[in-house]
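The structure displayed is predicted, hence computed values, not measured ones.
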Amino acid sequence: MDKIIYPCIMCKNNAKEMAEYYLSVFTDIEIADENNWAVVLNIVGQRVMLLNGGEMAHPNPTISLMYLTTSAFEVQDLYNKLIKGGKDLMPLDSYPFSEKYAWVEDRYNVSWQIITANEKDIIQKIVPTLMFVGENNGKAAEAIDFYTSKFPNSEKLGVLKYTGDEGEIPGNIQHAEFKMLDYLLMIMDSSNLNSINFSEGVSLVVECKTQEEIDKYWDIFISNGGEEGMCGWLKDKFGVCWQIAPSVLKELLKKSPEVMKEMINMKKLDIRRLSDSVM
């Protein structure tokens, strides 16, 4: 729970319903926070936000959640639950890279990659995984360099490239891991699923303690080809959606609905203005 980055899933105004569903799927899970706009889950000690957004955008496989475990039984159990009302993207099976693995889209269109791994290799149980498709295909290496060079507490951890035998472009990223702001992310290029791209359906929240941090991270994204959105949202130069938000926001929202009204009129969030709206 101490990581400042976590995934946010856009819901069709049914965040509470989705939360109840995930409470039935996972064993190590609890509701960490909720209000009229969102439910924040704590799954295996990590935050996942469910945000009520109506028909604004829906999740798609360009950002999936990789769930790592040492237990083949747990993979089987999670798959059995997630596939009900969902569909296979890669069927449950043994693969060269894992004893037990499946890529499944659940009934709410959220993509999960469930995989067995050695305990020494699991440094984060749930890892957002970015898939670069369409015009982005081949840009995963550039993205790794951008994220790790521009943000503190970042590093490359491992890169596996396609050889061409897989039917993919040789030299593109088959799988890679990196840390950004001390948060583990995975990334890959793919020539499949060219009809979709990154969207607000799944975004990454960066919680900031100070206005200085908000300004810093916002400026890094925007000055390097990003695009400003409203209410603290932006898209980076690859189209990945981020929310740069103050950590005090949830407390301010509890105090007054005026905070949300003030947010609607902002692009980059201003902590002082939000705090003043409570008065």
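Here the closest heavy-atom approach between residue G54 and residue N13 is recorded as N-OD1, 3.3 Å. Listed here is the closest heavy atom pair of Y22 and I29: O-CD1, 3.5 Å. Closest of all the heavy-atom pairs between K161 and G171 is CD-O, 3.5 Å. Residues L234 and D236 approach most closely at CD1-N, 4.1 Å, considering heavy atoms. A pairwise comparison of heavy atoms in N52 and N36 identifies ND2-O, 3.4 Å as the closest pair. For the residue pair P246 and L269, the shortest heavy atom distance occurs at CD-CD1, 3.7 Å.
M131 and F97 fall within a single hydrophobic cluster, where Ile, Leu, Val, Met, Phe, Trp and Tyr side chains are chained together by heavy-atom contacts under 4.5 Å. Hydrophobic clustering of Ile, Leu, Val, Met, Phe, Trp and Tyr side chains at less than 4.5 Å, counting indirect connections, keeps F132 apart from L160. Residues M230 and M56 do not share a hydrophobic cluster, defined by chaining ILVMFWY side chains whose heavy atoms lie under 4.5 Å apart.
Of the N and O atoms on the side chains of Q46 and N42, not one donor lies less than 3.5 Å from an acceptor on the other residue. In this structure, a donor-acceptor pair under 3.5 Å is absent between the side chains of S94 and E99. No donor-acceptor contact under 3.5 angstrom links the side chains of N153 and Y183, judged on distance only.
Ion pairing between a basic and an acidic side chain is recognised when a charged N comes within 4.0 Å of a carboxylate O; E213 and K216 show no such pairing. For K16 and E20, the salt-bridge test passes: some basic side-chain N is under 4.0 Å from an acidic carboxylate O. No salt bridge links E177 with K156; every basic N to acidic carboxylate O contact stays at or beyond 4.0 Å. Salt bridge annotation for D276-R272: absent, with no cationic side-chain nitrogen under 4.0 angstrom from a carboxylate oxygen. Looking at E228 and K268, no side-chain N of the basic residue comes within less than 4.0 Å of a carboxylate O on the acidic one, giving no salt bridge. For E227 and K235, the salt-bridge test fails: no basic side-chain N is under 4.0 Å from an acidic carboxylate O.
The CG atom of D270 sits 8.0 Å away from atom CG of D215, with the distance rounded to the nearest 0.5 Å. With values rounded to the nearest 0.5 angstrom, N265 atom CG is found 12.0 Å from M260 atom CE. The OG atom of S71 lies 9.0 Å from the CG atom of L78; values are rounded to the nearest 0.5 Å. Summarising the geometry, atom OG1 belonging to T69 is positioned 11.0 Å from atom CD1 belonging to I115; distances are rounded to the nearest 0.5 Å. Interatomic distance, L68 CG to I126 CD1, rounded to the nearest 0.5 Å: 9.5 Å.
Contact of the M10 side chain with the V202 side chain is not registered, since no non-hydrogen atoms from C-beta on lie closer than 4.5 Å. N197 has its side chain out of reach of S199: every pair of non-hydrogen atoms, C-beta onward, lies at least 4.5 Å apart. In this structure, the side chains of P128 and L65 come closer than 4.5 Å at one or more pairs of heavy atoms. Considering only heavy atoms from C-beta on, E207 comes within 4.5 Å of R47 through its side chain. Two residues are said to be in side-chain contact when any heavy atoms from C-beta on lie closer than 4.5 Å; I31 and V40 fail this criterion. Residues T129 and L185 have side chains not in contact (no heavy-atom distance under 4.5 Å, counting atoms from C-beta outward). In this structure, the side chains of N137 and I169 come closer than 4.5 Å at one or more pairs of heavy atoms. In this structure, M188 and L130 have side chains that are not in contact, with every pair of non-hydrogen atoms separated by 4.5 Å or more.
The backbone N or O of K100 lies less than 3.5 Å from a partner atom in the side chain of T116, making a donor-acceptor pair. Using modelled atom types, no side-chain atom of N109 and backbone atom of N60 make a donor-acceptor pair closer than 3.5 Å. Judged by distance alone, with hydrogens and angles left aside, the side-chain atoms of D189 form a donor-acceptor pair with the main-chain N or O of G138 at under 3.5 Å. In this structure a side-chain-to-backbone donor-acceptor pair under 3.5 Å is missing from E212 to T210. Remark: side-chain polar atoms of Q243 are not paired, donor with acceptor, to backbone N or O of A245 under 3.5 angstrom.
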For Y162 and I173: C-alpha separation, side-chain torsions, deciding distance, then whether side chain to side chain contact (heavy atoms under 4.5 Å, CB included) applies.
CA-CA 6 Å; Y162 291 113; I173 301 297; 5.9 Å; no
Evaluate the criterion side-chain hydrogen bond (donor to acceptor under 3.5 Å, both in side chains) for residue pair Q76 and N80; output intermediate values, then yes/no.
CA-CA 6 Å; Q76 181 75 60; N80 290 343; 3.0 Å; yes
Would you please test S154 and Y147 for side chain to side chain contact (heavy atoms under 4.5 Å, CB included) and show each step?
CA-CA 8 Å; S154 302; Y147 296 133; over 6 Å; no
Can you list the steps and then say if S277 with E258 is a side-chain hydrogen bond (donor to acceptor under 3.5 Å, both in side chains)?
CA-CA 6 Å; S277 69; E258 296 301 316; over 6 Å; no
List the steps and the verdict of side-chain hydrogen bond (donor to acceptor under 3.5 Å, both in side chains) for S64 and Q113.
CA-CA 7 Å; S64 58; Q113 297 189 59; 2.9 Å; yes
Begin from the C-alpha positions of F178 and V159 and carry the test side chain to side chain contact (heavy atoms under 4.5 Å, CB included) through to its verdict.
CA-CA 9 Å; F178 65 96; V159 175; over 6 Å; no
Is there a side chain to side chain contact (heavy atoms under 4.5 Å, CB included) between F26 and Y21? Walk through the geometry before answering.
CA-CA 9 Å; F26 297 94; Y21 166 69; over 6 Å; no
Report the C-alpha separation of Y79 and D88 in whole Å, then their side-chain angles, then the decisive distance to 0.1 Å, and conclude whether the side-chain hydrogen bond (donor to acceptor under 3.5 Å, both in side chains) test is met.
CA-CA 10 Å; Y79 173 81; D88 279 324; 2.9 Å; yes
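Using bins of under 30°, 30° to 60° and over 60° for the plane-to-plane angle, the ring pair Y217/F151 lands in the tilted bin. Using bins of under 30°, 30° to 60° and over 60° for the plane-to-plane angle, the ring pair F146/F221 lands in the tilted bin.
Around atom NZ of K150, no more than 12 heavy atoms belonging to other residues, nucleotides or ligands sit under 6.0 Å away. Within 6.0 Å of NZ in K254 there are more than 12 heavy atoms belonging to other residues, nucleotides or ligands.
Pairs passing the salt bridge (charged side-chain N to carboxylate O under 4.0 Å, His left out) check and including a residue from residues 117-142, sequence neighbours excluded, read E142-K237.
The side chain to side chain donor-acceptor pair (under 3.5 Å) with Y108 is formed by just one residue from the set E17, H58, K12; it is E17. A side-chain contact (heavy atoms from CB on, under 4.5 Å) with V133 is found for exactly one of P61, S190, S191, S195, namely S190.
With ring centers used as reference points, Y101 lies 6.0 Å or more from W112.
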